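Every heavy atom of this structure was used, including side-chain atoms; hydrogens, water molecules and symmetry mates were not. Note that the coordinates shown come from a computational prediction; the quantities given were computed from them, not determined experimentally.
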Amino acid sequence: MYYTGGPAFSHFRLEKLLDTAKTLEPTLINLTAQYLYIIDIEGVLSETEETRLRTLLPSSQSPQNPLIQNGELLVIPRPGTISPWSSKATDIALVCGLSAVKRVERGVLWRFTAESPLEQSQITRFSDLIHDRMTETVLSDIKEADALFSHAAKRPLRIININEGGKQALIQANQEQGLAYSSDEIDYLFNHFNQLLRNPTDVELMMFAQANSEHCRHKIFNAEWLVDGQIQPLSLFQMIRHTYQQHPGKVLSAYHDNAAVMTGQIPSNALSKKEEIGLIFMPDTQTHEYALCGRRDGDER
């Protein structure tokens with residue numbers, strides 16, 4: 001199910017992008033960007049449910065022809081991922097009683113107008129300008145958007161045969177699975193499984209790639225580094241922490257799960273005297289509202 005929405009970007013941003021796009025295609029006159037809501041429905045919505053869904057989706061209306069026309073491109077989140085917007089929108093739909101809605105996703109439909117109709121090869125030249133290749137993909141056929149809601153079939157466990165293929169089998173698995181192993185990590189795994197007298201599985205290799213990644217280990221972010229041959233006194237991570245170390249006392253929790261908790265100030269009418277403290281708020285399961293339930297003095301963690 002598809003619904004078109006309102007403009008995805010401001011006029012100022014589109015004008016700026018148009019100037020850049022004209023360097024690729026001087027005959028370009030105009031471009032627009034409109035939201036397209038893509039809904040994964042289980043069954044059929046009643047008239048009341050559809051009205052409720054459209055109320056939740058800003059400026060939504062059913063498109064007359066849910067196809068990508070000539071001169072258009074559709075940008076959607078990369079298949080296999082769920083955008084932050086989708087997570088929130090789907091939760092809201094479920095809370096509003098739309099149990100048939102399995103997922104709500106949002107794309108951007110781009111339209112390019114030139115002095116004369118553009119060929120598809122000319123249109124695709126704008127792809128790099130209108131999407132983030134790390135998190136999004138560009139479509140010229142709306143049927144391809146179904147991949148957003150597809151689920152890969154279960155696959156059998158795969159054995160990486162290093163006993164027969166040697167280290168090259170591990171190097172090939174690294175390339176095929178996109179594990180981004182460094183050469184020393186490949187050496188480590190090869191030696192480790194040789195000592196165990198067995199072959200690794202694709203699941204083990206994937207788990208090692210995640211657990212030993214930069215995201216988890218901060219191997220680069222927390223490493224020593226040199227400038228003009230001189231070892232620097234602080235790593236990149238320590239530089240970020242330096243501000244906190246220079247100004248302690250206002251932070252209750254820092255650098256924990258990508259979040260931090262700062263001290264707050266309780267209203268003077270809530271305590272006998274006004275003082276800076278850490279406030280603890282908890283949601284009420286009945287009213288779904290947050291309420292002050294305690295306090296922590298300014299200790300640091």
Worksheet item: What's the verdict on salt bridge (Lys or Arg N to Asp or Glu O under 4.0 Å) for Lys219 and Glu214, showing C-alpha distance, side-chain angles and the deciding distance?
Response: CA-CA 6 Å; Lys219 295 175 290 184; Glu214 173 67 21; 5.9 Å; no
Fill in: Heavy-atom donor-acceptor pair, Thr4 side chain to Gln61 backbone, under 3.5 Å
yes
Discussion item. Please give me the minimum heavy-atom distance between Tyr37 and Gly5, naming the atom from each residue.
Written reply: CE1-CA, 3.7 Å
Discussion item. If you apply the rule side chain to side chain contact (heavy atoms under 4.5 Å, CB included), what do you find for Tyr3 with Glu50, and how did you get there?
Written reply: CA-CA 11 Å; Tyr3 292 100; Glu50 185 171 359; 2.9 Å; yes
Worksheet item: Does CD belonging to Glu119 count more than 12 external heavy atoms closer than 6.0 Å?
Response: no
Practice prompt. Spell out, yes or no, whether Leu94 and Leu56 are grouped together once hydrophobic residues are joined by side-chain heavy atoms under 4.5 Å, including indirect joins.
Written response: no
Worksheet item: Between Phe208 and Tyr181, how do the two ring planes meet: parallel, tilted or perpendicular, split at 30° and 60°?
Response: perpendicular
Worksheet item: Is the number of heavy atoms from other residues, nucleotides or ligands under 6.0 Å of Tyr188 OH greater than 12?
Response: no
Item to complete: Determine whether the side chains of Gln34 and Arg111 contain a donor N or O and an acceptor N or O closer than 3.5 Å.
Response: yes
Item to complete: Could you tell me how the ring of Phe221 sits relative to the ring of His218: parallel (under 30°), tilted (30 to 60°) or perpendicular (over 60°)?
Response: tilted
Item to complete: Classify the side-chain pair Asn212/Glu185 by whether it contains a donor and acceptor separated by less than 3.5 Å.
Response: yes
Discussion item. Could you check whether atom CZ of Arg13 has more than 12 heavy atoms from other residues, nucleotides or ligands sitting under 6.0 Å from it?
Written reply: no
Discussion item. Could you check whether atom CE of Met207 has more than 12 heavy atoms from other residues, nucleotides or ligands sitting under 6.0 Å from it?
Written reply: no
Discussion item. Does atom CD (Gln120) have a neighbourhood of more than 12 heavy atoms from anything else shown, all under 6.0 Å?
Written reply: yes
Discussion item. Determine whether a donor-acceptor pair (N or O, by modelled atom type, separation under 3.5 Å) exists between the side chain of Glu136 and the backbone of Asp132.
Written reply: yes
Response to the item:
To the nearest 0.5 Å, atom CG of Asn222 lies from atom CD1 of Ile240 at 10.0 Å
Discussion item. Would you say that more than 12 heavy atoms from the other residues, nucleotides or ligands in this model lie under 6.0 Å from the CZ of Arg78, or not?
Written reply: no
Practice prompt. From the options Leu118, Leu31, Leu17, select the one residue that forms a side-chain contact (heavy atoms from CB on, under 4.5 Å) with Phe126.
Written response: Leu118
Item to complete: Return the minimal non-hydrogen interatomic distance between Leu129 and Leu24, and the atom names on each side.
Response: CD1-CD1, 3.7 Å
